[in-house]
Amino acid sequence: MALRVREKIKKDVDELVQKTGKRPGLAVIIVGEDPASQVYVRNKAKGCEEVGFHSEVYRLPEAAQMEELLALVHKLNEDENIHGILCQLPLPKHLDETEVILAIDPNKDVDAFHPVNTGKIMIGNYSFLPCTPAGVMELIASTGVEIAGKECVVVGRSNIVGKPQAMLLLQKNGTVTICHSKTKNLAETTKRADILVVAVGRANFITGDMIKEGAIVIDVGINRNEEGKLVGDVHFDSAEKVASYITPVPGGVGPMTITMLLKNTLTAAQQQIK
Ligand code: GUN
């Protein structure tokens with residue numbers, strides 16, 4: 001699926017370049033040495049290259065200060081060759097993520113993390129959808145199963161995934177429940193789900209006995225288990241026995257997330273290039 005969407009993006013990029021002589025540009029900022037972030041940023045840059053975007057990666061040292069980071073964001077806000085700006089999270093503890101997100105021009109905020117964009121999602125009038133929830137929606141759509149009227153359970157309430165995911169499912173007229181670390185009788189709720197989206201960041205947290213027969217199960221987690229192997233938040237082997245559809249980890253939601261980032265960057269470029 002991710003490949004199919006990327007091919008379409010590549011075609012649209014070629015068209016845009018032919019028409020305007022301008023190429024979509026994405027700037028990615030990474031601060032420090034977090035190993036997972038390094039991998040994500042590398043994959044984002046690779047994705048850009050594949051679809052014909054111009055991309056720039058800015059690597060700041062762990063000890064970077066807010067002034068330097070904000071100055072970079074302001075410079076990129078003004079740069080006509082850059083249509084999308086993304087600051088990889090998490091930032092080192094001494095830096096203020098909220099302030100950095102607020103500094104990004106909402107028109108270039110291809111993560112859709114700026115309050116202007118999160119607010120637009122809330123009222124259903126948006127240019128960008130946050131990448132991971134948008135990828136999840138495409139995966140659900142690919143099953144052909146109608147969301148309207150279904151019991152949708154989102155496990156996790158992060159600003160990046162859980163909260164916007166719940167909003168998108170609600171917009172499609174799902175009956176949405178959000179579960180989190182304080183939820184009582186979690187299995188009772190997850191077992192009601194026709195569509196279950198899990199984004200908690202705990203290896204094998206949801207097991208087959210917590211899933212309704214025939215449910216669609218989308219696993220957003222990427223964790224390392226005791227053997228150092230990449231696993232999701234859902235225990236795949238037990239879950240696949242009851243689910244009608246289930247995403248693997250790795251290779252499920254991850255590639256879709258980056259594809260949605262590319263889609264947002266193309267949209268941003270189309271809006272900014274006159
Ligand atoms: N860290 C984990 N997921 C994301 C994401 O989608 N965007 C950014 N900027 N940082 C992240």
Side-chain angles (χ1 to χ4, degrees), residues 2 5 25-48 53 55-60 62 64 69-70 72-73 76-77 82-93 95-118 121 126-139 154 156-165 167-168 197-202 218-224 230 232-233 247 249-250 252-265 267-268:
V5 182
L26 175 70
V28 179
I29 305 169
I30 176 166
V31 185
E33 303 296 331
D34 179 69
S37 290
Q38 299 282 343
V39 175
Y40 294 145
V41 167
R42 217 171 26 245
N43 287 339
K44 288 172 184 178
K46 211 171 106 207
C48 283
F53 288 174
S55 77
E56 300 174 1
V57 178
Y58 293 86
R59 297 178 187 281
L60 270 55
E62 183 83 25
L69 184 51
L70 291 176
L72 174 58
V73 170
L76 294 168
N77 281 343
I82 294 298
H83 309 100
I85 303 168
L86 172 166
C87 181
Q88 187 65 31
L89 304 179
L91 288 172
K93 292 258 175 307
L95 298 174
D96 183 342
E97 286 181 358
T98 307
E99 201 181 337
V100 176
I101 290 168
L102 272 173
I104 296 173
D105 177 345
N107 297 309
K108 296 192 175 187
D109 170 38
V110 286
D111 263 329
F113 290 170
H114 191 288
V116 164
N117 288 319
T118 55
I121 289 154
Y126 42 74
S127 316
F128 310 125
L129 287 178
C131 305
T132 302
V136 169
M137 294 306 282
E138 298 250 346
L139 288 164
V154 179
R157 57 168 154 187
S158 69
N159 288 333
I160 294 185
V161 186
K163 285 187 212 168
Q165 189 70 67
M167 277 302 129
L168 299 189
V197 181
V198 190
V200 287
R202 288 174 64 178
I218 309 280
D219 188 352
V220 180
I222 305 185
N223 315 283
R224 284 201 191 273
L230 281 181
D233 290 349
T247 58
V249 177
V253 171
M256 282 308 289
T257 294
I258 295 184
T259 303
M260 294 300 113
L261 170 69
L262 301 174
K263 190 173 164 188
N264 281 347
T265 305
T267 303

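Each ligand, and each atom within it, is numbered from 1 in the order the structure gives.
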**Message:** How close do Pro133 and Pro164 get, counting heavy atoms only, and between which atoms?
**Reply:** CG-CG, 3.9 Å
Taking 4.0 Å as the limit for heavy-atom contacts, which would you say applies to [X] with ligand 1: side chain only, backbone only, both, or neither?
X: Cys131; value: neither
X: Leu89; value: both
X: Tyr40; value: neither

**Asked** Can you list the steps and then say if Leu69 with Val100 is a side-chain contact (heavy atoms from CB on, under 4.5 Å)?
**Response** CA-CA 8 Å; Leu69 184 51; Val100 176; 3.5 Å; yes
What's the spacing between [X] [atom1] and [Y] [atom2] if we round to 0.5 Å?
X: Leu129; Y: Leu261; atom1: CG; atom2: CG; value: 12.5 Å
X: Phe113; Y: Cys131; atom1: CZ; atom2: SG; value: 7.0 Å
X: Leu91; Y: Thr98; atom1: CG; atom2: OG1; value: 10.0 Å

**Item:** Under 3.5 Å: donor-acceptor pair, side chain of Asn264, backbone of Asp111
**Value:** no
**Prompt:** Which of the numbered atoms in ligand 1 are below 4.0 angstrom from a heavy atom of Leu86?
**Reply:** 9 (N)
**Request:** Using distance alone, determine whether Phe113 and ligand 1 share an N or O pair under 3.5 Å.
**Result:** no
**Prompt:** Among all protein non-hydrogen atoms, which one is nearest to atom 6 (O) of ligand 1, and what is the separation to 0.1 Å?
**Reply:** Asp111 OD1, 3.7 Å
**Asked** Which protein non-hydrogen atom lies closest to atom 11 (C) of ligand 1, naming both residue and atom, and how far is it?
**Response** Gln88 NE2, 3.3 Å
**Message:** Less than 4.0 Å is my threshold; does some heavy atom of Met260 fall inside it relative to ligand 1?
**Reply:** no
